[in-house]
Amino acid sequence: MDPKSIPSNAPEHCPGTESDLAGKSDACAGCANQDVCASGAPKAPDPSIPLITSRMSTVKHKILVLSGKGGVGKSTFTSQLAWAFAADEDLQTVHASSSGWSPVYVQDNLGVMSVGFMLPSSKDAVMWRGPKKNGLISQFLKDVDWGDLDYLLVDTPPGTSDEHLTVVQYLKDSGIDGAVLITTPQEVALQDVRREIDFCRKVGIKIIGLVENMSGFVCPNCKTESQIFKPSTGGGKRLAEDTNIEFLGSVPLDPRIGKSADYGISFLDEYPDSPATQAYLDIIDRIKEIVDKS
């Protein structure tokens with residue numbers, strides 16, 4: 001048993017996340033991650049891991065974007081984070097080669113890979129069980145020709161499911177710089193994010209910080225901001241204080257963010273005067289500062 005697979009705050013006699021008994025032994029009873037560990041995520045030794053580690057050797061930083069809650073803007077935030085990184089003139093461009101799958105390039109130094117690219121049409125649903133999803137995650141990490149990257153951003157689904165555990169296990173040898181957690185101000189979202197914080201700590205993922213998304217509404221015309229989702233329990237800032245993680249900042253809701261995502265353009269470039277743009281840039285600068293020090 002690999003001691004590294006046992007979270008520091010795991011119950012006594014924890015078999016470890018990579019054990020065949022993960023989530024199934026008597027010691028797992030009552031553990032918050034029992035269902036996740038028992039869900040069929042790959043157990044070591046996995047032959048894909050050395051290949052993934054080799055492929056990831058040319059990637060400087062790997063960041064997960066997480067939230068226990070769906071609909072809080074993880075994908076939107078990830079896309080803006082990617083646009084901002086790609087706009088940095090000091091970062092290198094992608095070196096294309098003929099090995100492996102090629103990402104879809106939005107611009108010379110910004111590539112994307114998604115399961116959506118592999119579906120017959122945009123209307124098709126993805127109805128896969130754990131092993132098939134885990135297999136695709138492995139392929140995205142080891143078979144995609146990412147080239148030399150400064151940042152790899154992993155946009156994850158909601159919750160603390162086996163996909164999250166799979167990503168952690170596949171990237172553990174090459175290293176994960178940390179996770180950025182996304183929430184919205186209302187308590188129903190904060191409850192799920194608390195579980196995500198617990199998940200990160202159990203599996204040993206460093207939490208870079210917490211972002212409160214949709215924090216107020218910005219009128220595109222008058223630039224004034226009004227509150228839509230009331231932070232009845234203190235919002236993201238209070239959650240960060242209570243859990244001793246860094247609060248990276250708040251991003252107000254600007255309807256043009258969704259429009260930019262629909263058209264595949266950078267909101268930061270198109271609407272530099274929006275208060276949301278400045279909020280994004282401040283948060284992204286802080287993320288870069290933390291990651292570069294790690």
Side-chain angles (χ1 to χ4, degrees), residues 7-9 32-33 59-69 71-85 87-88 91 150-156 158-160 164 167-168 171-172 175-216 225 227 229-253 257 268 275-294:
S8 59
N9 57 347
N33 264 345
V59 179
K60 292 182 181 178
H61 301 296
K62 292 165 281 293
I63 300 173
L64 309 184
V65 180
L66 304 170
S67 177
K69 186 76 171 62
V72 298
K74 291 183 303 298
S75 298
T76 301
F77 183 85
T78 304
S79 67
Q80 297 307 317
L81 183 60
W83 278 112
F85 283 156
D88 190 337
L91 301 183
D150 289 285
Y151 295 93
L152 176 69
L153 306 179
V154 182
D155 180 25
T156 64
T160 52
H164 300 77
V167 170
V168 172
L171 290 179
K172 68 171 188 176
I176 300 173
D177 287 80
V180 176
L181 303 180
I182 312 296
T183 189
T184 48
Q186 67 272 43
E187 177 61 24
V188 68
L190 299 174
Q191 289 177 1
D192 288 340
V193 177
R194 290 187 186 96
R195 299 185 185 98
E196 197 75 53
I197 293 171
D198 184 59
F199 171 83
C200 289
R201 288 173 172 167
K202 277 186 166 65
V203 299
I205 301 176
K206 174 185 174 182
I207 299 175
I208 295 172
L210 177 70
V211 174
E212 184 180 88
N213 205 15
M214 306 182 197
S215 181
E225 187 174 334
Q227 195 176 79
F229 302 116
K230 185 177 181 179
S232 57
T233 58
K237 188 172 184 179
R238 175 68 178 274
L239 174 60
E241 293 171 354
D242 291 346
T243 54
N244 197 30
I245 61 178
E246 178 164 345
F247 183 64
L248 296 171
S250 302
V251 179
L253 181 61
I257 297 175
L268 307 179
T277 294
Q278 189 57 55
Y280 270 126
L281 294 176
D282 290 344
I283 291 169
I284 290 166
D285 284 345
R286 181 58 182 150
I287 291 173
K288 290 172 64 176
E289 182 180 349
I290 293 172
V291 169
D292 287 342
K293 289 181 179 178
S294 63

| said: Holding to side-chain contact (heavy atoms from CB on, under 4.5 Å), I want the full list of residues that pass it with R238, two or more places apart in sequence or in another chain. | reply: E241, D242
| task | With side chain to side chain contact (heavy atoms under 4.5 Å, CB included) as the test, would you mind laying out the steps for Q80 and F77 before giving the verdict? | result | CA-CA 5 Å; Q80 297 307 317; F77 183 85; 5.8 Å; no
| remark: Nearest heavy-atom contact between I283 and G249 is CD1-C, 3.7 Å
| query | K74 and K69: which non-hydrogen atoms are nearest, and at how many Å? | reply | NZ-O, 3.4 Å
| field | Results of side-chain hydrogen bond (donor to acceptor under 3.5 Å, both in side chains) for T184 - residues two or more places apart only | value | Q186
| note | To the nearest 0.5 Å, atom CG of D198 lies from atom CZ of R201 at 8.5 Å
| remark: Residues S67 and V193: closest non-hydrogen pair is OG-CG2, 3.7 Å
| field | I205 side, atom CD1; K172 side, atom NZ - distance, nearest 0.5 Å | value | 13.0 Å
| said: Testing the basics here: between I257 and P252, what is the closest heavy-atom pair and its distance to 0.1 Å? | reply: CD1-O, 4.0 Å
| request: Could you tell me which non-hydrogen atom of D155 sits nearest to which non-hydrogen atom of S75, and how far apart they are? | output: OD2-OG, 2.5 Å
| request: Taking atom CG of N244 as the centre, report whether more than 12 heavy atoms of other residues, nucleotides or ligands fall under 6.0 Å from it. | output: no
| request: Find the distance between CD1 (I176) and CG (L171) and round it off to the nearest 0.5 Å. | output: 5.0 Å
| request: Indicate yes or no for a side-chain donor-acceptor contact from N213 to the backbone of T183 under 3.5 Å, with no hydrogens or angles considered. | output: no
| query | Taking all non-hydrogen atoms of both residues, which atom of F247 and which atom of A240 are closest, and how far apart? | reply | CB-CB, 3.7 Å
| note | To the nearest 0.5 Å, atom CZ of F85 lies from atom CD1 of I284 at 6.5 Å
| task | Would you give the length of the straight line joining atom CD1 of I207 to atom CG of L66, rounded to the nearest 0.5 angstrom? | result | 8.5 Å
| remark: side-chain contact (heavy atoms from CB on, under 4.5 Å) test vs D192 passes for just one of E196, R195, R194, namely R195
| query | Only one of L181, I182, T156 clears side-chain contact (heavy atoms from CB on, under 4.5 Å) with V65; which? | reply | I182
| task | Look at the aromatic rings of F199 and H164 and report parallel, tilted or perpendicular, splitting at 30° and 60°. | result | perpendicular
| said: Just verifying a value: how many Å separate L152 CG and L64 CG, rounded to the nearest 0.5 Å? | reply: 9.0 Å
| message | Using side chain to side chain contact (heavy atoms under 4.5 Å, CB included), reason through D292 and H61 one step at a time and then give a plain yes or no. | response | CA-CA 8 Å; D292 287 342; H61 301 296; 3.4 Å; yes
